[in-house]
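Working notes for the structure below.
The shown structure was predicted, so the numbers you read here are calculated from the model rather than taken from an experiment. Naming: A, B, ... by sequence-line order, numbering from 1 per chain.
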There are 2 protein chains.
Amino acid sequence: MPVTLKEVAERAGVSRSAVSRTFTDGASVSVSMRRKVEKAARELGYSPNALASSLTTGRTKLIGLVSNNFHNPIFLEVFDLFTRGLQDRGLRPLLVNLSEEVDPTNPVRMLRQYSVDGVVVASSTLPPGFSKAFRDAGVPVVHSFGSLSSAPEVHVVGIDNQEAGRLAARTLLERGYTRVGFMGGPEFATSTQDRLAGFIAELSAHPTIRASYSFADAYSFDAGRKEMLRLLKEEPAQAYFGGDDVLSIGALSAIKDSGLDCPKDVGIIGLNDMEMARWNNINLTTIRQPIRQIVTSSIELMAATLEDRDRFPEARIFSCTVVERGTLRPALKA
Amino acid sequence: MPVTLKEVAERAGVSRSAVSRTFTDGASVSVSMRRKVEKAARELGYSPNALASSLTTGRTKLIGLVSNNFHNPIFLEVFDLFTRGLQDRGLRPLLVNLSEEVDPTNPVRMLRQYSVDGVVVASSTLPPGFSKAFRDAGVPVVHSFGSLSSAPEVHVVGIDNQEAGRLAARTLLERGYTRVGFMGGPEFATSTQDRLAGFIAELSAHPTIRASYSFADAYSFDAGRKEMLRLLKEEPAQAYFGGDDVLSIGALSAIKDSGLDCPKDVGIIGLNDMEMARWNNINLTTIRQPIRQIVTSSIELMAATLEDRDRFPEARIFSCTVVERGTLRPALKA
DNA sequence: AGATTATTTGCAACCGGTTGCAGAATATTT
DNA sequence: AAATATTCTGCAACCGGTTGCAAATAATCT
């Protein structure tokens, strides 16, 4: 059904190579030849088969976009930015949903079968083993929103989750809270671990502060709500660092339903600054993660790595900022 | 770098065809041969190149997943369900972001270059011209969440938006509202037009009801908020059918900020029943769209159409239900 | 104009697989 | 055991392009 190179060549009365060259830029074709071929191509409605050409060029322009975060609203924006950014560079995102996948073997095989030029891992929860498995398969990898190690083995772009944890702790201290809590996401998520570590590290310099830690089952409204209801039954802290915004909003709902007031009785600070956080019936104080910059930078890094496949792995860190809203009491006067 | 068929054949000491057959099911290979080949393949870490084979088989198992709804939280779930559902059938979603695209030419070309086996258009706002353009390119198309015409030219799976509009109108009538409004999404969106048409149709049977219509700039919180603020300045209706949930939540925020109470002063019914609608600090009465069923059915329909490419276009309609929450006053006693 | 150099062009082989066909190897039948 | 029917296997051509190489054309220089 689709028109092939050969048909165009025949109609234009030239060789197949000539047609091929008119459609590969940088190739040597005379203007007259180009005109002839383009005319024939137009009349036939020809457009070259990217897959066939990938066979010889070794480039598909396919980029695996793998994620397992299909329940966090910020990731819709992440996908939006990634797809547009990749498209703008002529790259095609092959979306891979890794929810419930524990072993990288299958995804790796699949991505190799489709000869992707690179893989973007967009996930805050996938263990680094996945990225490494892709790299070991010889594919350039950028892990966005990943956790950074001191010696990155693949490119990582994101925030420093430990620093975010420290920032959360500092913010709570500034507000004069003396009993604080970390209400994290699922314990196995890399982001949770890192944020907790930072949170603890910062507080360790303040021995007078009482701190507690617990984990919700998932990064979800219900999990946050459930966990906060549990916490409120016993002696709750004065303020919590919620694992992320969705979780924090769930916690907020628990607080209100328990007849308590936020921030008067219990304070909350979230993380992400997702769209809903600023909705005025939520109005969540939170730590903002610069998503747009992270995605843009990830795409640039991927493009650069496609050029130079031996590029040394690097970590690109973006800083977070506190977004003041209504779920934490004001800072103490200095 | 990657291992090829030939290398496996050499190592196993057999012909290339033999190796190929081992990896295509339904092909005739003896057990001893299969064992030999599989051993060699395992040792070399071979897995067949799907793109190369697509050249001769004519099937890539690539499915274009095209959408322009990257700001509506329900679409995150839609993408989740689609990617998993497609993956489960061995199909690979090639994600295409059509935001800001007004002409189907480029996307069509791109999808043809990558020889997708089919296209799923997942959008409630794209005009039918896009689906038709894909179909005209000879690719099987399923338009999910699309608007249905009486004579579908491509497969359409979704709700009957007109019926949803009627349902909204009926619901408002049941509650005894006599001055009602339609606060739609952007006027050009197909879903908005259909919902409005149904809303009007239902009310036309009730000449005593005063009805008004207006449109927000987008399906977004801010647009809904802005439009409701505008409406509240003049003489507002007693209750509104909000174009979708996000819009309705924006409207809700405007109502509260204006010192009014919902549902006491102004009622709202949304559409979609997205996750946040049930968050208790929102608690939006809304019309539920059965997303999961729509996606599942779309995938089945796509799979069936891949089998029989001449399948006659059909429309699959799922019904909506009202989800009672807190933004509409109770129904009148009968 | 003739020699020299730079551009174009077509040939043919190749990218990594698949598949119709015919001969070889097995299995089944009588 | 011979004849017949089945199942396997390799050959070679093909899928839709690309590209090194050498011949053919065009451009530039004396």
Side-chain angles (χ1 to χ4, degrees), chain A residues 1-38 40-41 44-62 109-117 137-138, chain B residues 1-38 40-41 44-62 109-117 137-138:
Chain A
M1 198 74 198
V3 190
T4 78
L5 190 77
K6 197 170 87 181
E7 305 176 54
V8 178
E10 277 163 9
R11 174 175 258 259
V14 301
S15 76
R16 292 161 52 216
S17 340
V19 180
S20 174
R21 287 195 255 259
T22 26
F23 286 95
T24 37
D25 35 28
S28 156
V29 222
S30 68
V31 271
S32 70
M33 168 66 83
R34 153 154 280 132
R35 258 199 280 279
K36 259 192 299 186
V37 172
E38 279 174 348
L44 261 40
Y46 169 76
S47 72
N49 181 326
L51 269 23
S53 77
S54 83
L55 223 3
T56 36
T57 61
R59 303 233 151 286
T60 55
K61 306 211 157 211
L62 248 26
R109 182 150 36 85
M110 190 242 113
L111 288 167
R112 284 209 347 180
Q113 288 184 330
Y114 281 83
S115 319
V116 294
D117 285 352
Chain B
M1 199 72 197
V3 190
T4 77
L5 191 78
K6 197 170 87 179
E7 304 176 54
V8 178
E10 277 164 8
R11 174 176 259 260
V14 301
S15 76
R16 291 160 55 219
S17 341
V19 180
S20 174
R21 289 189 178 109
T22 321
F23 287 94
T24 36
D25 36 28
S28 155
V29 221
S30 67
V31 270
S32 69
M33 168 67 82
R34 154 155 278 132
R35 258 200 280 279
K36 258 193 297 187
V37 172
E38 279 174 348
L44 260 40
Y46 169 77
S47 71
N49 182 326
L51 269 24
S53 78
S54 84
L55 262 204
T56 37
T57 61
R59 304 233 151 285
T60 56
K61 307 211 155 209
L62 249 26
R109 182 149 36 84
M110 191 242 112
L111 288 167
R112 284 208 346 179
Q113 289 183 330
Y114 281 84
S115 319
V116 293
D117 285 352

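- A:S54 contributes atom OG, which lies 8.0 Å from atom OH of B:Y114 (distance to the nearest 0.5 angstrom).
- Put simply, CZ on B:R59 is 15 Å from C1' on D:dC15, counting in whole angstrom units.
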For nucleotides 16-22 of chain D, print each protein N/O atom paired with a nucleotide N/O atom at under 3.5 Å, atom names and distance only.
from	atom 1	to	atom 2	distance (Å)
D:dG16	N2	A:A52	O	3.3
D:dG17	OP1	A:N49	N	3.1
D:dG17	OP2	A:L5	N	2.5
D:dG17	O5'	A:Y46	OH	3.2
D:dG17	N7	A:R16	NH2	2.7
D:dG17	O6	A:R16	NH2	2.9
D:dT18	OP2	A:S20	OG	2.3
D:dT18	O5'	A:S20	OG	3.4
D:dT18	O4'	A:T56	OG1	2.9
D:dT19	O4	A:S17	OG	3.3

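- Heavy atoms of other residues, nucleotides or ligands lying less than 6.0 angstrom from CZ of B:R59 number more than 12.
- Few gaps surround NZ on A:K36; more than 12 heavy atoms of other groups in view lie less than 6.0 Å from it.
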Side-chain polar contacts of residues 23-32 of chain B - donor-acceptor pairs under 3.5 angstrom, sequence neighbours left out - could you list them?
from	atom 1	to	atom 2	distance (Å)
B:T24	OG1	B:S20	O	3.0
B:T24	OG1	B:R21	O	3.4
B:S30	OG	B:S32	OG	3.4
B:S30	OG	B:M33	N	3.3

For residues 5-13 of chain A, dump all side-chain donor-acceptor pairs below 3.5 Å to protein atoms at least two apart in sequence or in another chain.
from	atom 1	to	atom 2	distance (Å)
A:E7	OE2	A:T4	N	3.1
A:R11	NH1	A:E43	OE1	2.1

